Protein chains: 2
Amino acid sequence: MTVWDRPEPPDRPVPLDRERIVAAALSLADEGGLEAVSLRKVAARLNAGPMRLYGYIATKEELFDLLVDEVYAEVLPEERTDEWREALRTLAHRTRRAALRHEWLADLLGGRPTLGPNGLAVAEAMLSALDGLADVDTVMRAVGTVNAYVIGAIRGEIANLRAERATGLSKRDWQRAAGPRLSRALATGAFPALSKAVYDGTDVDPETTFATGLDWVLDAVAAKLTRSSA
Amino acid sequence: MTVWDRPEPPDRPVPLDRERIVAAALSLADEGGLEAVSLRKVAARLNAGPMRLYGYIATKEELFDLLVDEVYAEVLPEERTDEWREALRTLAHRTRRAALRHEWLADLLGGRPTLGPNGLAVAEAMLSALDGLADVDTVMRAVGTVNAYVIGAIRGEIANLRAERATGLSKRDWQRAAGPRLSRALATGAFPALSKAVYDGTDVDPETTFATGLDWVLDAVAAKLTRSSA
DNA sequence: CTCATGGCGATACACTGTATTTCTCCCTTA
DNA sequence: TAAGGGAGAAATACAGTGTATCGCCATGAG
């Protein structure tokens, strides 16, 4: 067998590593959501068989953990902010924007403890922003509360965003008219407060909603900090 | 062919309805988590073929929506509370307890707008608790913020609970010693604030943590209400 | 040159959600 | 009463999934 009729080596097996695997999975997720991420497809992007991946990750769940941590890298601010409130606000908004860039993040956020290096770094950033302003337990509570709000708010925002997209209508029109169940339910008069909210409420853009709620929570934190540090 | 050697009619096809389907799915989810819910298994519990279900639900996602709404029925309090703060607190705690009874709820909470009758009723209850205490937009913000906290907090609590169970260790021991990544990361000294929190923080039970954070958020709401109603 | 070894691809398995086809039984009509 | 039709259930089918196992082949050592 001569060299030119050799069956054309179909891409010499490139060495793999977690980074390349995560990058492939991330692009798949960004393009088609979490459900578009299958080990076969990830492996295919790397010219490898599905089983190759198991040399680097133990399970698909672990791959998801790595994905989340990869995005947490985008959350970390480039420079440290001294003012605790501004620091927390920045982290929250950066998390939100990361979730808007990678919508699938909403499905994973808060789903399991974030133990990757970047997730830990984000936790460290939040904790250190409050360090010294109150006793340890209060600081932990504060971080936990802010985190809970951020995760819940982001989930909700993305859920609405998807619902709007699915119906192709603006949020307002969707609430008002389309949603068959909702409009019928409201018409029964069984939900007066809900009706009032839907019909009389002004709809503000999601960013402002997020920011306002966040400020409320930060207000609450501020109150506890002063009380505890005084 | 005589009557006794007839091949034994294998359970005359019982008529189905959404209620029975949801009940079967719910028990499966309670026993084995969301991933134990497959249309085949649900159908099997009802002595039916998988395709039968499609006469009552359009897709598996819709079944999940029904599941969530079923649990929201458990969240609705039996009697109305007049004091807004107590009303919101009750709803939040009832949601949390429902999630502890049905851990899979944490995976679904906030994942999509809750448009089922019970979900709407819960929303109505929250909104009506605040009705008249502030302008519509403030009320909506308040409900949204509290909801975001509740969802995020529940998700986090269940995530921790699962992590503990997976390692079989108490939360404290797990944080301190086991988690291989965590302990190594902390040992590097790169996360001083995190280390302090893990080592010096007292661990309180999850219910108290939830209640405290909730109170903070409710404090924030109270502040906005008085300002806006004054 | 031979042999062992380790990594890789192929194969296999049990299972998933769902589309489509086939069958069966009951009701209507002649 | 016999035949035809229609609905609803069941069986089959398909394209995919995560992951366990097996067998090969190339590359190292002796």
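All values derive from a computational prediction rather than experimental measurement.
Checked against salt bridge (Lys or Arg N to Asp or Glu O under 4.0 Å), B:Arg96 has the following partners two or more places apart in sequence or in another chain: B:Glu157, B:Glu207. Residues satisfying the salt bridge (Lys or Arg N to Asp or Glu O under 4.0 Å) test with B:Arg40, not counting sequence neighbours, are none.
What separates CG of B:Leu46 from P of D:dA9 is a distance of 13 Å, to the nearest Å. When the P atom of C:dG17 is taken as reference, atom CD of B:Glu62 falls 15 Å away, rounded to whole Å. Residue B:Leu53 contributes atom CG, which lies 16 Å from atom P of D:dG8 at whole-angstrom precision. Rounded to whole angstrom, the span from the CZ atom of B:Arg52 across to the C1' atom of D:dA7 amounts to 13 Å. Atom-to-atom, OH of B:Tyr54 to P of C:dT20 comes out at 13 Å; the value is rounded to the nearest Å. Atoms CG (A:Leu63) and P (D:dT17) sit 14 Å apart, rounded to a whole Å. Atom CG of B:Leu28 and atom C1' of C:dG17 are 16 Å apart (whole Å).
Residue pairs satisfying the side chain to side chain donor-acceptor pair (under 3.5 Å) criterion with at least one member in residues 67-78 of chain A, sequence neighbours excluded, are listed as follows: A:Asp69-A:Asn118, A:Glu74-A:Arg101, A:Glu74-A:His102. Among residue pairs with one or both ends in residues 105-115 of chain B, those qualifying as salt bridge (charged side-chain N to carboxylate O under 4.0 Å, His left out) are B:Glu61-B:Arg112, B:Asp65-B:Arg112, B:Asp107-B:Arg162; sequence neighbours excluded.
Expressed to the nearest 0.5 Å, how far CG of A:Leu214 lies from OH of A:Tyr149 amounts to 6.0 Å.
In this model, the phosphate group of C:dG17 is not approached by any side-chain N or O of B:Thr59 to a distance below 4.0 Å at OP1 or OP2.
The closest side-chain heavy-atom distance from B:Leu26 to B:Val37 is not below 4.5 Å. Using a 4.5 Å heavy-atom cutoff, the side chains of B:Pro192 and A:Glu124 are in contact. Side-chain contact between A:Leu105 and A:Ile158 is absent, with no heavy-atom pair separated by less than 4.5 Å.
From one end of the helix from C:dC1-D:dG30 to C:dT28-D:dA3 to the other, with five pairs defining each end axis, the axis direction shifts by 30° (rounded to 10°).
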Next on the checklist: So if I define the base as every atom that isn't primed, P, OP1 or OP2, how would nucleotides 10-16 of chain C read as a B/S/- string at a heavy-atom cutoff under 4.0 Å?
Outcome noted: B-B---B

